[in-house]
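Have a look at the structure below before the remarks.
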Amino acid sequence: TYAYTVSLSIDGGDPGTASSPATVTVDRSAPAVPAAPAAASPTRVAPSLAWSAVAGAARYVVVRDGARLATTTALALTDAAAADGSRAYAVIAVDAVGNESAASAAATVVVDTVPPAAPTGLAAARADTSAAPELAWAPVADAASYRVYRGATLIGQPTAATYVDAPLPADGGYAYRVAAVDAAGNEGARSAAVAVAVDTVAPEAPVPAAASRLTASAPVLTWPAIA
């Protein structure tokens, strides 16, 4: 820190009274390097970055893929303009006089807004069943999990390409569909439906058979049909 004053000298004579001092602080020291920003990855929404404060920093410069993206006084930034793909983000701390730190370590964020394809080959082990319906379908590339729907209701989210609808739903007919979900949370279109009928009611017992009690030939039995 330096104090400067000014005085007036006429024709080389003695200087007059000095002015009030002006204090100037010279600062050429850069702030510390920030820690790498944190962000969720992969993501289907705009990357949201956050980082820790740096002592002496007045603002921060956010760098995306080596190019300066934005300057902020906050400790967070949402990159609403990020396109799909892998993005590397770093942060530079800047003090009040403009000294800049080196860039932080980079944080890689994968932006993915493309949903996976609809599953194919959805089939039930039995179209008519008295047990919990068993479903299977062809695995989908890029799928991290699946969402199984009974009608419009989400009933399960397996990671494998199979699902058992347990506990057993009530008797009736059901239409099942499946959608694939990728690691970023994008849900694809639902598959074609497969129909399953659940029936746990046993038929009525037949009435006793009628036959002639005395016969010289092979006995012939009859009974009414059961609905």
Side-chain angles (χ1 to χ4, degrees), residues 1 24-122 137-149 152-163 177-191:
T1 300
V24 177
T25 299
V26 179
D27 177 7
R28 298 188 180 93
S29 299
V33 178
S41 178
T43 179
R44 61 188 176 89
V45 297
S48 182
L49 311 169
W51 56 91
S52 299
V54 173
R59 58 189 183 275
Y60 301 90
V61 177
V62 178
V63 178
R64 185 220 293 149
D65 296 336
R68 296 189 176 217
L69 174 65
T71 299
T72 179
T73 57
L75 296 174
L77 181 80
T78 298
D79 183 9
D84 277 24
S86 180
R87 303 282 171 255
Y89 292 92
V91 177
I92 297 169
V94 185
D95 65 19
V97 297
N99 295 304
E100 295 188 356
S101 72
S104 70
T108 300
V109 178
V110 176
V111 181
D112 178 6
T113 62
V114 180
T120 58
L122 176 62
W137 55 92
V140 176
D142 194 35
S145 63
Y146 300 90
R147 292 178 181 166
V148 180
Y149 294 87
T153 303
L154 175 64
I155 59 171
Q157 300 187 67
T159 55
T162 59
Y163 185 75
R177 290 180 172 84
V178 178
V181 182
D182 65 20
N186 297 296
E187 179 177 346
R190 297 179 191 179
S191 68

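Heavy atoms only, all atoms of each residue included: Ala32 and Ser101 are closest at O-CB, 3.4 Å. The two residues Ala80 and Ala46 make their nearest non-hydrogen contact at CA-CB, 3.8 Å. Across every non-hydrogen atom of Gly188 and Ala179, the tightest pair is O-CB, 3.6 Å. Between Ala144 and Ala183, the shortest heavy-atom distance links the atoms CB-N, 3.7 Å. In terms of heavy-atom proximity, Ala160 sits nearest to Tyr146 at O-CD1, 3.5 Å. The two residues Pro34 and Ala93 come nearest to each other via the heavy atoms CG-N, 3.7 Å.
Between the side chain of Asp95 and the backbone N or O of Pro31 there is no donor-acceptor pair closer than 3.5 Å.
Using a 3.5 Å distance cut-off with no hydrogens or angles, the side chains of Tyr89 and Asp79 do pair a donor with an acceptor.
The closest side-chain heavy-atom distance from Asp65 to Arg87 is below 4.5 Å. Here the side chains of Leu49 and Val62 are in contact, with some heavy-atom distance below 4.5 Å.
Counting only residues at least two apart or in different chains, side chain to side chain donor-acceptor pair (under 3.5 Å) contacts with residues 31-55 are absent. The side chain to side chain donor-acceptor pair (under 3.5 Å) analysis of residues 66-77, with sequence neighbours excluded, yields the pairs Arg68-Glu100. Residue pairs satisfying the side chain to side chain donor-acceptor pair (under 3.5 Å) criterion with at least one member in residues 105-121, sequence neighbours excluded, are listed as follows: Asp84-Thr113.
Of the listed residues (Val110, Val111, Asp182, Val109), just one forms a side chain to side chain contact (heavy atoms under 4.5 Å, CB included) with Pro42, and that residue is Val110.
Aromatic pair Tyr163/Trp137: ring centres not closer than 6.0 Å.
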Open item on the list: Could you walk me through whether Ile92 and Tyr60 satisfy the side chain to side chain contact (heavy atoms under 4.5 Å, CB included) test, starting with their C-alpha distance in whole Å, then the side-chain angles of each, then the deciding distance to 0.1 Å, before giving a yes or no?
Closed with: CA-CA 6 Å; Ile92 297 169; Tyr60 301 90; over 6 Å; no

- [ ] Could you go through the side chain to side chain contact (heavy atoms under 4.5 Å, CB included) check for Asn186 and Val181 one step at a time?
- [x] CA-CA 5 Å; Asn186 297 296; Val181 182; over 6 Å; no

